[in-house]
Amino acid sequence: MPFDIASDASSCIDAFTTEVIRSAVVAITGEMKTNLMRTAYHTIIYEAEDFTVGLFDADGQTISIGLGLPMFIRGLSDSIKAKIGFWGKVNIEPGDVLLTNDSYIMGSHLNHMIFTLPVFNDGELIAFSSSMAHWQDIGGQLGGVTRDIFSEGLQLPFVKIFRAGKENPEITSIIRANVRVPERAMGDMRAQLAAIRTGERRLTQLLKRYGNRAFKESIRLVFEQSEKLARAAVRQIPDGTYEAESFMDDDGVNIGKPIPIRVRVEVQDADMTIDLSGVSPQVAGFYNSGITAGRSAAEVVFKCITTPLLLPVNEGSFRPLKIILPPGRIVSATKPAPVRVWMTVPMTVCDTIFRALAPACAERTIAGHYADLCTVNPHGFDAETGRFFWSHIGHPGGGWGAKHDEDGMSATVCLNDGDTHNAPVEATEAKNPIIVERRALRQDSGGAGMFRGGLGVSNEVCMRKLATIHAHVERTICAPWGLHGGKEALANRIYIRRHNGTIENFPTGKIKPTELDTGDGFTVETAGGGGFWNPLERRAERVLSDVRSGYVSLQAAERDYGVVIRQNGREFELDAGATEALREQMAQEAQSAGKPSLSI
């Protein structure tokens, strides 16, 4: 989307130069992303794309971030600002590579290593090129529920792993000594270094062509125009205060004790305030996250409802947003709170903010989605090779909530992980001692509505070798909700299947470290998405199509949509007369029961 800057009389830069520079920084971050994907060693980076890259100005403000995980929208910027505060600009030199994985600064777990390289031109610090990627192993406790940050792995404070272009081998040795598969960790480190050096090289070429002044002025204009567009979008939302609440199942320690999520949104003219003070205090289990994650959740929703397609994602887009988030909440936890499963709660915070805004701008919101990675990682030691293995089976995907004018997406990665991919079954089986016996859409999992929620996935895995699994699946009790009369979806679920046919169920999605023998397996059934509008308003022909596709069963078509379908062998036909009569009866029953036709 080009910017209109012709009216800015104070600018000494023409619109064409600004547009070229704007497009260039988007292209640079795209190339950084591609380079990291192609050179990383772990599938979680090159297949699942659990990383992000970005360019930032000399103050750490976001110029452009590579499309990737939405919840990383704030982590890189906050970590760079903290690095600047720690060293001071005068102590940052060309060729320095600044490293940290401080969870309480970047908001996420220790697995996310953040490498940052300053970009100088003509002796002036102009920008930073940075990358954050998920390392499969960073040491620490395997399995179980961690109770503090110290058991979760290697903590790296602010360090310079390169000084003036020369590697510090002592820091590299510390990292190698604290990970279980050091050759892969070093491969991922080199991939991240290659990505940020790509950003430095390309940005330096741009600076040589246009000069420091033109670049900085163009970025200023990009920020200002992004702010104008965001404010214009906020003005279209009616002024008022909007609230909503939901909950998480539990924290993995106090099983069955819900974790409340309460949000408050205030809109006043062109400004929006998102108040997360009502979110639960930090908890004993590892579902906490640093304050950056809570702020990121608010910014993700704000970006979605204001300028979702505007690139680059930059600082100016968020200037109309004020976030209230005191320390000590589950999404603003303080040390030494455990944060290993940091990514789960912020997704439900996002869903709840959308829920709050549903009465004000239904056309910009979305019903609840499955809101959990739903991953299980079998691990152990291969008796034949004596080597440790950690199986990244990939994200199965789940159902997204319906929108006001279309069905939700099925089998799609959850909101936190955005642009990440699930791993191909063939690649997963080739690299891990598992067999994926079945991966299919989960029938009837999508919430009913005029627009149906997306479907979840059923993923059945069998072990080829002895392994240990543990699970931390959430939202098995708080099912994804519908909006404006739409129905809720089926919730997430996980269970173990023993080779003798025994099924082991659990009260929630939490499984303590459990051994699986050869032939044992587990099944993850991800939730669908909530529906939107009254299900009785869905065209009967669309329900028939859903039944024929296997998305909706005959029983659910009749129960939820009031659509009667007759089956004759493999043929399904709509009974129009019976459908009309049933829908009229269901509408009368709802009216007699006092149910509102539009509810949230």
Side-chain angles (χ1 to χ4, degrees), residues 60-61 70-82 85-86 100 102-110 112 146-149 152 234 240-254 257-268 271-303 315 318-357 371 415-416 474 478:
Q61 298 184 106
M71 289 301 171
F72 287 175
I73 201 169
R74 179 53 55 184
L76 280 176
S77 176
D78 280 3
S79 75
I80 293 170
K81 290 175 181 176
F86 179 77
T100 190
D102 190 317
S103 293
Y104 308 101
I105 290 173
M106 64 181 173
S108 53
H109 51 198
L110 297 174
H112 290 157
T146 54
R147 299 296 297 271
D148 59 43
I149 192 71
E152 296 187 343
V234 174
T241 300
Y242 309 97
E243 299 180 352
E245 62 182 78
S246 61
F247 64 93
M248 311 301 296
D249 297 345
D250 55 56
D251 66 358
V253 174
N254 302 294
K257 181 181 178 181
I259 302 170
I261 307 294
R262 299 184 183 90
V263 305
R264 181 176 180 272
V265 182
E266 182 178 343
V267 178
Q268 186 172 6
D271 293 294
M272 177 180 290
T273 300
I274 296 180
D275 187 349
L276 302 180
S277 302
V279 172
S280 165
Q282 61 190 62
V283 295
F286 51 21
Y287 290 92
N288 302 290
S289 56
I291 193 169
T292 294
R295 293 173 58 205
S296 294
E299 290 187 351
V300 165
V301 176
F302 184 79
K303 179 68 173 170
E315 196 78 21
F318 305 104
R319 287 176 177 171
L321 175 64
K322 177 183 178 183
I323 301 168
I324 300 175
L325 179 55
R329 302 297 190 267
I330 194 171
V331 288
S332 60
T334 56
K335 197 171 186 175
V339 295
R340 178 170 282 178
V341 193
W342 74 278
M343 72 293 288
T344 300
V345 176
M347 285 188 277
T348 294
V349 172
C350 287
D351 267 6
T352 310
I353 297 172
F354 278 123
R355 190 180 200 178
L357 287 168
L415 180 61
N416 177 82
E474 254 294 335
C478 181

Would you check if the side chain of Glu243 reaches a backbone N or O of Arg262 as a donor-acceptor pair within less than 3.5 Å? no
Got a sec, which residues hit salt bridge (Lys or Arg N to Asp or Glu O under 4.0 Å) with Lys322, two or more places apart in sequence or on another chain? none
How many angstroms lie between atom CG of Asp250 and atom NZ of Lys257, to the nearest 0.5 angstrom? 10.5 Å
Quick one: CZ on Arg295 to CG on Leu321, what's the gap to the nearest 0.5 Å? 9.5 Å
Identify the heavy atoms of Ala297 and Pro346 that sit nearest to each other, and give their distance. CB-O, 3.7 Å
Set of residues satisfying side-chain contact (heavy atoms from CB on, under 4.5 Å) with respect to Thr292, sequence neighbours excluded: Arg74, Asp78, Ser296
Among residues at least two apart in sequence or on other chains, which ones pass side-chain hydrogen bond (donor to acceptor under 3.5 Å, both in side chains) with Ser108? His112
Partner set under side-chain hydrogen bond (donor to acceptor under 3.5 Å, both in side chains) for Thr273, not counting sequence neighbours: none
Side chain to side chain, Ile259 and Val283, heavy atoms closer than 4.5 Å: yes
Arg329 side chain to Ser277 backbone, donor-acceptor under 3.5 Å: yes
Looking at residues at least two apart in the chain, or sitting in another chain, which of them share a salt bridge (Lys or Arg N to Asp or Glu O under 4.0 Å) with Arg147? none
Not counting sequence neighbours, which residues clear side-chain contact (heavy atoms from CB on, under 4.5 Å) with Ala371? List them please. Met347, Thr348, Asp351, His369, Arg475
Using atom types as modelled and distance alone, determine if a side-chain donor or acceptor of Asn288 lies under 3.5 Å from a backbone N or O of Val339. no
CG-CZ distance between Asp148 and Arg340, expressed to the nearest 0.5 angstrom: 11.0 Å
Quick one: list whatever passes side-chain hydrogen bond (donor to acceptor under 3.5 Å, both in side chains) with Ser246, sequence neighbours left out. Thr352
Please name the pair of heavy atoms, one in Ala284 and one in Asp251, separated by the smallest distance, quoted to 0.1 Å. N-OD2, 3.4 Å
Could I get the full list of ring pair (Phe, Tyr, Trp, His ring centres under 6.0 Å) partners for Phe286, not counting sequence neighbours? His472
How long is the gap from CD1 on Ile261 to CZ on Arg355, to the nearest 0.5 Å? 12.0 Å
Holding to side-chain contact (heavy atoms from CB on, under 4.5 Å), I want the full list of residues that pass it with Leu276, two or more places apart in sequence or in another chain. Val263, Ile274, Val279, Leu325, Val349, Ile353
Closest non-hydrogen atom pair, Ile323 against Ala298: CD1-CB, 3.8 Å
Filter on salt bridge (charged side-chain N to carboxylate O under 4.0 Å, His left out), then keep only pairs touching residues 272-294, sequence neighbours left out; what's left? none
Heavy-atom pair with the smallest gap, counting every atom of Ser332 and Pro326: OG-O, 2.6 Å
Measure up the Phe302 and Phe318 rings against each other and bin them: parallel (under 30°), tilted (30 to 60°), perpendicular (over 60°). tilted
For Asp271, all residues meeting salt bridge (Lys or Arg N to Asp or Glu O under 4.0 Å), sequence neighbours excluded: Arg231
Quick one: do Thr100 and Met106 satisfy side-chain contact (heavy atoms from CB on, under 4.5 Å)? Show the steps, please. CA-CA 9 Å; Thr100 190; Met106 64 181 173; over 6 Å; no
On a heavy-atom basis, which atom in Thr344 and which in Tyr287 lie closest, and how many Å separate them? CB-CD2, 4.1 Å
List the residues meeting side-chain contact (heavy atoms from CB on, under 4.5 Å) with Lys335, not counting sequence neighbours, and say none if there are none. Tyr104, Ile149, Phe150, Gln155
Can you find a pair of side-chain heavy atoms, one from Pro338 and one from Glu152, that are under 4.5 Å apart? yes
Main chain of Gly60, side chain of Ser77: is a donor-acceptor contact present, judged purely on distance under 3.5 Å? yes
